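Accompanying notes for the structure given below.
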Amino acid sequence: MAFIQKNGLSGLEFMAGVPASLGGMIAMNFGCWDICMNDIVHSVDLFIPNQGFVTYSNKQCHFGYRTSIFQTMDCLIMGATLCVSVSDSMLIKKTIHRYVNERLKKQPMRIATFGSIFKNPSLSPAATIIENSGFKGYQLREAKISDKHANFMENTNHASSQDALDLIHFIQQNVYDSFKIQLNPEVHIFQ
Ligand SMILES: Cc1cc2nc3c(=O)[nH]c(=O)nc-3n(C[C@H](O)[C@H](O)[C@H](O)COP(=O)(O)OP(=O)(O)OC[C@H]3O[C@@H](n4cnc5c(N)ncnc54)[C@H](O)[C@@H]3O)c2cc1C
């Protein structure tokens, strides 16, 4: 963020305040404030075992809602060419501050979380559904649905991966029982 601000390069401000790597953001088609990686990625430089270094165009990335082709490939994202435009440094700074402040107001930013737990179903944001189910602030052992944002899970102390998984399954089951809505994790689970 300091680099784009200093050099007056606009287009990446939406990433501000999120702890993530470029490779992870591309693989996940990271997005917020109505912008996602699909909108700014020109091409992606990859290492593919047995093929070597390859460049994929935006179209070849098959970006979707928090998905890309890279989630199904054995590959390493090494870099990317992103589209930016020249703009005023002060304007960029202001936008970055606005986005970070919005996050600080609405999300648990200085607590251990992994970002959104569930993808938003088409009907309604996952946070609203969880809140309407009465589980905002619900705690299962050391994993807790945030009081600030119901689609974030906080590690209150030393939550284990099992605590997190049990809370995910508990919320999924209860939301399904109440509203017949299937919440699908946005976070990737490796077991
Ligand atoms: C406080 C907070 C707020 C967040 N807000 C948002 C938000 O608004 N919108 C949003 O979309 N996400 C959000 N996230 C989630 C997270 O930042 C994203 O999922 C991000 O896109 C990936 O983060 P990462 O770099 O940690 O990747 P990881 O979580 O480490 O990996 C994500 C996936 O990408 C793959 N991957 C990672 N690096 C590479 C690479 N170099 N080559 C190939 N594959 C790779 C991994 O195998 C994995 O499948 C938030 C997270 C936090 C903690």
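Whatever order the structure lists ligands and atoms in, that order sets their numbers, starting from 1. Only a predicted model underlies this, so the values are computations on that prediction, with no experimental measurement involved. Residues: numbered from 1 along the sequence shown.
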Margin query: Counting non-hydrogen protein atoms only, what is the nearest one to atom 7 (C) of ligand 1? Give residue, atom name and distance.
Written below: Phe30 CE1, 3.5 Å
Check: Does atom OH of Tyr176 have more than 12 heavy-atom neighbours, drawn from other residues, nucleotides or ligands, at distances under 6.0 Å?
Finding: no
Notebook entry, point to check: Among protein heavy atoms, which sits nearest to atom 53 (C) of ligand 1, and what does the distance come to when rounded to 0.1 Å?
Noted result: Gly115 N, 3.5 Å
Notebook entry, point to check: So Phe135 and Phe170, would you call those rings parallel, tilted or perpendicular, with 30° and 60° as cut-offs?
Noted result: perpendicular
Notebook entry, point to check: Looking only at heavy atoms, which two atoms of Ala164 and Met153 are closest? And how far apart?
Noted result: O-CE, 3.5 Å
Notebook entry, point to check: Sub-3.5 Å donor-acceptor pair from the side chain of Asp163 to the main-chain atoms of Ser160, do we have one?
Noted result: yes
Next item on the list: Write out the residue and atom name of the closest protein heavy atom to atom 17 (O) of ligand 1, then the distance separating them to 0.1 Å.
Entry: Val18 CG1, 3.2 Å
Check: Is it the side chain, the backbone, both or neither of Met25 that has a heavy atom closer than 4.0 Å to ligand 1?
Finding: both
Checklist line | Any non-hydrogen protein atom less than 4.0 Å away from atom 47 (O) of ligand 1 | finding: no
Check: Can you find an N or O of Met28 that's nearer than 3.5 Å to an N or O of ligand 1?
Finding: no
Check: Taking only heavy atoms of Cys75, which atoms of ligand 1 are found under 4.0 Å from at least one of them?
Finding: 43 (C)
Notebook entry, point to check: Do any N/O atoms on Arg103 end up under 3.5 angstrom from N/O atoms on ligand 1?
Noted result: yes
Checklist line | Which residue and heavy atom of the protein sit nearest atom 23 (O) of ligand 1, plus the separation | finding: Ala20 CB, 3.5 Å
Next item on the list: Look at Glu186 together with Arg66 and state whether they make a salt bridge at an N to O cut-off of under 4.0 Å.
Entry: yes
Notebook entry, point to check: Any protein heavy atom under 4.0 Å from atom 9 (N) of ligand 1?
Noted result: yes
Next item on the list: Count the heavy atoms belonging to other residues, nucleotides or ligands that lie under 6.0 Å from CG of Asp88, then report whether that count exceeds 12.
Entry: yes
Next item on the list: State plainly whether the residues Lys106 and Glu102 are in salt-bridge range, i.e. N to O under 4.0 Å.
Entry: yes
Margin query: Are any of the N/O atoms on Ile77, whether in the backbone or the side chain, positioned under 3.5 angstrom from an N/O atom of ligand 1?
Written below: yes
Next item on the list: Could you find the nearest protein heavy atom to atom 38 (N) of ligand 1 and give me its residue, atom name and distance?
Entry: Gly24 N, 3.4 Å
Checklist line | Asn101 side-chain N/O to His97 backbone N/O, donor-acceptor pair under 3.5 Å | finding: yes
Checklist line | Nitrogen or oxygen of Asn29 less than 3.5 angstrom from that of ligand 1 | finding: no
Notebook entry, point to check: Will you find, in the side chains of Thr55 and Asp45, an N or O donor that is under 3.5 Å from an N or O acceptor?
Noted result: yes
Next item on the list: For the residue pair Tyr99 and Trp33, categorise the inter-ring angle as parallel (less than 30°), tilted (30 to 60°) or perpendicular (more than 60°).
Entry: parallel
Notebook entry, point to check: Checking Thr113 side chain against Gly115 main chain: does a donor-acceptor pair fall under 3.5 Å?
Noted result: yes
Checklist line | Nearest non-hydrogen protein atom, atom 39 (C) of ligand 1 | finding: Gly23 C, 3.8 Å
Item checked: Neighbour count above 12 (heavy atom, 6.0 Å) for Lys136 NZ -> yes
Next item on the list: Flag atom 41 (N) of ligand 1 as yes if some protein heavy-atom distance to it falls below 4.0 Å, otherwise no.
Entry: yes
Notebook entry, point to check: Is the closest side-chain donor-acceptor distance between Glu142 and Thr156 under 3.5 Å?
Noted result: no
Margin query: Would Thr113 count as a polar contact of ligand 1, with the cut-off being nitrogen or oxygen pairs under 3.5 Å?
Written below: no
Notebook entry, point to check: Is it the case that more than 12 heavy atoms not belonging to Lys180 sit under 6.0 Å from its NZ atom?
Noted result: yes
Check: Just which atoms of ligand 1 are under 4.0 Å from any heavy atom in Cys32?
Finding: 8 (O)
Notebook entry, point to check: Taking the non-hydrogen atoms of Gln71, is any one of them nearer than 4.0 angstrom to ligand 1?
Noted result: no
Note to self: Give me the nearest non-hydrogen protein atom to atom 15 (C) of ligand 1 as residue plus atom name, then the distance to 0.1 Å.
What the structure shows: Phe114 O, 4.2 Å
Next item on the list: Could you tell me whether atom 32 (C) of ligand 1 has at least one protein heavy atom nearer than 4.0 Å?
Entry: yes
Checklist line | Per-atom contact, atom 28 (P) of ligand 1, protein heavy atoms, under 4.0 angstrom | finding: no
Checklist line | Any N or O of Ser116 closer than 3.5 Å to N or O of ligand 1 | finding: no
Margin query: Students should be able to answer this: which protein heavy-atom is nearest to atom 44 (N) of ligand 1, and at what distance?
Written below: Ala27 CB, 4.0 Å
Note to self: Within the 4.0 Å heavy-atom shell around Arg66, which atoms of ligand 1 are there?
What the structure shows: 10 (C), 11 (O)
